[in-house]
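Have a look at the structure below before the remarks.
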Amino acid sequence: MSEQIPLTTIPQIAIIDDDAGVRGSLGMLLETRNWAVTEFERAGDFLNGPRARDFNCLIIDIRIPDMSGLELYEELNRRTKARHTYLPPALFLSGHGDIPMVVKALKQGASDFLEKPVDHRTLLDAVSKALTADQAARSSFDTQAQLIQEISELTSREREVLSEIVRGYLGKQIAEHLNISAKTVEAHRLRICQKFNIRTSMELAAKLRDVSPSLWEKKEDDDSL
């Protein structure tokens, strides 16, 4: 199940680059903006260290030894999807001949790429944009995670009633479709609204407007009363 990811007060930035000189110079530059920086030499160091979601921006050298920056990003994407968690924006550092790898990274969701040697102003502007994007993305992720949590608390019968409500059916129609009384439908509707912290079916439909019905239609439990 997804979990909410708290916003940090001080932006946390990870630099993954095997060149200690590059890590150090970039770190000092970023710290002039009062951003906290953590350095990693290899992809494995990052994967075995803090969680990616604990950072607000990742700066990844695309040609890290052993596991490349692109392979690292692919693995982070895989873990993110498998664990239903959050992956912050990633900026790639690349050399002149790395364009095909960068294009592939961008197609997989990377935020931007910067060619070495990195211009200081360009880097600071790119990180600033990534941090702004991170704030919006985290807020959206938290909203979705809360919604998934609320859906998980519905009984199987409540999910059936919910599906009918979202399709626009009225109480009597839902009662006929599910072969239950209109009073029972209303009781389920009230409990659903309570669990979603709303008051009307219109609010419920609006809240679930952009959510796939598979989130509640595929789940079942023993309570069908």
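Positions are given from 1, in the same order as the sequence printed here. Fair warning: this is a prediction, and the values are worked out from it, not measured in the lab.
- Linking Ile, Leu, Val, Met, Phe, Trp and Tyr residues whenever their side-chain heavy atoms come within less than 4.5 Å leaves F55 and L124 in two separate clusters.
- Of the inter-residue distances, the one linking R53 atom CZ with T85 atom OG1 reads 4.0 Å to the nearest 0.5 angstrom.
- Side-chain contact check for L208 versus L147: some heavy-atom pair is nearer than 4.5 Å.
- Within the 4.5 Å cutoff, the side chain of L30 has heavy atoms near those of the I15 side chain.
- Atom CZ of R33 sits about 15.5 Å away from atom CD1 of I10, to the nearest 0.5 Å.
- The shortest heavy-atom contact between A52 and L76 is CB-CD2, 4.1 Å.
- Formation of a donor-acceptor pair under 3.5 Å by the S163 side chain with backbone atoms of R159 is found in this model.
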Take I165 and I174, measure what side-chain contact (heavy atoms from CB on, under 4.5 Å) needs, and give me the verdict at the end. CA-CA 8 Å; I165 293 174; I174 297 173; 3.8 Å; yes
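- Of the inter-residue distances, the one linking L131 atom CG with Q12 atom CD reads 10.5 Å to the nearest 0.5 angstrom.
- Contact record, S111 with P89: OG-CB, 3.1 Å, taken as the closest heavy-atom pair.
- Of the possible donor and acceptor atoms, one in the side chain of E203 sits under 3.5 Å from a partner among the backbone N and O of T200.
- Using a 4.5 Å heavy-atom threshold, the side chains of L162 and L204 count as touching.
- M67 and L91 are not part of a single hydrophobic cluster, where members link through side-chain heavy atoms under 4.5 Å apart.
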Start with the C-alpha gap between E158 and K195, add the side-chain angles, then the distance that decides, and say whether salt bridge (Lys or Arg N to Asp or Glu O under 4.0 Å) holds. CA-CA 10 Å; E158 287 168 351; K195 291 179 179 180; 2.8 Å; yes
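- Remark: aromatic rings of F46 and F40 are close, center separation under 6.0 Å.
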Given side chain to side chain donor-acceptor pair (under 3.5 Å), test Y86 with D134 step by step and report yes or no. CA-CA 10 Å; Y86 175 75; D134 172 76; 2.6 Å; yes
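- Electrostatic pairing of R51 and D54 counts as a salt bridge here, judged by a charged N lying under 4.0 Å from a carboxylate O.
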Full working for side-chain contact (heavy atoms from CB on, under 4.5 Å) between L190 and C193: CA-CA 5 Å; L190 288 174; C193 287; 5.7 Å; no
When you look at K129 and D112, which way does the salt bridge (Lys or Arg N to Asp or Glu O under 4.0 Å) test go after all the steps? CA-CA 10 Å; K129 290 178 182 178; D112 203 349; over 6 Å; no
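- Here the CD1-CG distance, from I16 to D45, works out to 10.0 Å after rounding to the nearest 0.5 Å.
- Formation of a donor-acceptor pair under 3.5 Å by the R138 side chain with backbone atoms of A133 is not found in this model.
- At distances below 3.5 Å, at least one donor-acceptor pair connects side-chain atoms of K207 with backbone N or O atoms of F196.
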Let me see the working for L123 and L29 under side-chain contact (heavy atoms from CB on, under 4.5 Å), right down to the final yes or no. CA-CA 9 Å; L123 174 67; L29 176 64; 3.6 Å; yes
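- No hydrogens or angles considered: nothing links the side chains of T143 and S140 as a donor-acceptor pair under 3.5 Å.
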Do K183 and E186 pass the salt bridge (Lys or Arg N to Asp or Glu O under 4.0 Å) test, and can you show the C-alpha distance, the side-chain angles, and the key distance before you say yes or no? CA-CA 5 Å; K183 185 176 294 186; E186 179 61 15; over 6 Å; no
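- Contact annotation: the side chain of L47 approaches that of R79 to within less than 4.5 Å [non-hydrogen atoms, C-beta and beyond].
- The closest side-chain heavy-atom distance from Q146 to E150 is below 4.5 Å.
- Within the 4.5 Å cutoff, the side chain of L93 has no heavy atoms near those of the I62 side chain.
- No more than 12 heavy atoms of other residues, nucleotides or ligands shown are found within 6.0 angstrom of CZ on R199.
- Taking hydrophobic clusters as Ile, Leu, Val, Met, Phe, Trp and Tyr residues chained together by side-chain heavy-atom distances below 4.5 Å, I151 shares a cluster with V161.
- Linking ILVMFWY side-chain heavy atoms closer than 4.5 Å, directly or via other members, places V22 and Y73 in two distinct hydrophobic clusters.
- Of all heavy-atom pairs spanning I64 and A43, the tightest one is CG2-N, 3.9 Å.
- A donor-acceptor contact shorter than 3.5 Å links the side chain of E71 to the backbone of S68.
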Going through the checks in order, is the side-chain contact (heavy atoms from CB on, under 4.5 Å) test met by D61 and D18? CA-CA 8 Å; D61 182 12; D18 63 307; 3.5 Å; yes
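- Under the 4.0 Å criterion applied to side-chain N and carboxylate O atoms, R63 and D17 are not assigned as salt-bridge partners.
- Within the 4.5 Å cutoff, the side chain of N56 has no heavy atoms near those of the I13 side chain.
- Side chains of F113 and I60 form no contact here, defined as non-hydrogen atoms less than 4.5 Å apart.
- Side-chain atoms of E75 never come within 3.5 Å of backbone atoms of L72 as a donor-acceptor pair (strictly under, hydrogens ignored).
- Within the model, atoms CD of E160 and CG of L154 stand 11.5 Å from one another, a figure rounded to the nearest 0.5 Å.
- Note that NE2 of H120 is 13.0 Å distant from CG of D125, once rounded to the nearest 0.5 Å.
- At least one donor-acceptor pair under 3.5 Å links the side chain of T132 to the backbone N or O of S128.
- Judged by distance alone, the side chain of S25 and the main-chain N or O of G21 form a donor-acceptor pair under 3.5 Å.
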